[in-house]
Amino acid sequence: MPVAVVTGASSGIGEATAVAFAREGYSVALAARREDRIAEIARRIGDDGGRALAVATDVADESSARALIETAKSELGSIDVLVNNAGVMLLGPIQGADTEQWRQMVNVNVLGLMYCTHAAFPVMQEQGGGYIVNVSSVAGRVARLGTGVYNATKWAVVAFSESLRQEALESNIRVSTVEPGFVETELQGHNEHPLVVETINRMREQIREPLRAEDIADAIVYVVTRPPHVMVNEIMVRPTRER
């Protein structure tokens, strides 16, 4: 049974992706800081006939990220897919910003993704191949007022992913970047700045029907399940009415 490791699996895209892989016949390692939440999702997957392992993880802590990969390999037998989904979106003007929020985004969105990749790469290499999916964002392609630091982290994901893709070719490790548009998840709720909240609400009204987490999970499963000679390098998924 192939194994998928999914970070940020306690809600939203991560949860939906873990469930989707379980339905595809994968054993799934769910990683997040909220241990009670991933334990509940793992139990639900098990009740549906799947196999799931909950691993409390803070990807921004390199030792925790490495322990995730080691635990998944030890308990489930391999690591065939790594989905680097854990992310933080704290928007607002650059002037007068709380720079601790900047560090939090860089630590999770960039370094956390790199730490997990660094730990998983040699495991996949030894196995003879694997798949790494890095979840970026439309914000990794388009910068807007009030999203500058979040933009910077997601642009970093896109650049890192392309360099990794080239490095991983000879090891039969495929690399894809998935770039969601507006998805209705907990991520928007992390923002408290009045202008940011107003902008998010206005976007939601304009879009009318935002993406669901399951829409992005479908895209992730799609890229991973292409034939071995096919690598979907990047896939951007937006709501139909998103500008």
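Values reported hereafter were calculated over all heavy atoms of this structure, with side chains retained and with hydrogens, waters and symmetry mates removed.
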Problem set entry | Main-chain N/O of R241 paired with Q206 side-chain donor or acceptor, under 3.5 Å | yes
Problem set entry | Listed partners of Y26 passing ring-ring contact (aromatic ring centres under 6.0 Å, His included), at least two apart | F21
Problem set entry | Crowding at CD, E170 (>12 non-hydrogen neighbours, <6.0 Å) | no
Exercise. Judged by atom type as modelled, is there a donor-acceptor pair below 3.5 Å linking the side chain of T147 to the main-chain atoms of R144?
Worked result: yes
Exercise. For the residue pair A168 and V175, what are the closest heavy atoms and their distance?
Worked result: CB-CG2, 4.3 Å
Exercise. Is there a donor-acceptor contact under 3.5 Å from the side chain of R34 to the main chain of A39?
Worked result: no
Problem set entry | Main-chain N/O of A139 paired to N151 side chain as donor or acceptor, under 3.5 Å | yes
Seminar exercise, completed: Heavy-atom nearest pair, P180 first then I13, reads CG-CD1, 4.2 Å
For this session: Going by the side-chain contact (heavy atoms from CB on, under 4.5 Å) test, name the single residue among V81, V6, N85, V178 that passes it with I220.
Result: V178
Problem set entry | NZ/NE/NH1/NH2 to OD/OE distance under 4.0 Å, K154 and E179 | no
Problem set entry | Distance-minimising heavy-atom pair for G146 and L91 | O-CB, 3.5 Å
Exercise. Hey, is E234 close enough to R141 for a salt bridge, meaning N to O under 4.0 Å?
Worked result: yes
Exercise. Got a salt bridge between R37 and E40, using NZ or NE/NH1/NH2 to carboxylate O under 4.0 Å?
Worked result: no
Exercise. Looking at side-chain heavy atoms only, is the closest gap between Y150 and N109 below 4.5 Å?
Worked result: yes
For this session: Flag the pair E162 and R165 as a salt bridge only when some basic side-chain nitrogen lies within less than 4.0 angstrom of an acidic carboxylate oxygen.
Result: yes
Result block: side-chain N/O donor-acceptor pairs under 3.5 angstrom for residues 210-219, not counting sequence neighbours:
| from | atom 1 | to | atom 2 | distance (Å) |
| --- | --- | --- | --- | --- |
| R212 | NH2 | D215 | OD1 | 3.0 |
| D215 | OD2 | R212 | N | 2.8 |

Problem set entry | Short side-chain to backbone donor-acceptor contact, S64 and D58, under 3.5 Å | yes
Problem set entry | Side-chain donor-acceptor pair present, N84, T7, cut-off under 3.5 Å | no
For this session: Run the salt-bridge test on D48 and R44 with the 4.0 Å N-O cut-off and return the result as yes or no.
Result: no
For this session: Write down the atom of A22, the atom of I45, and the distance for their closest heavy-atom approach.
Result: CB-CG2, 3.6 Å
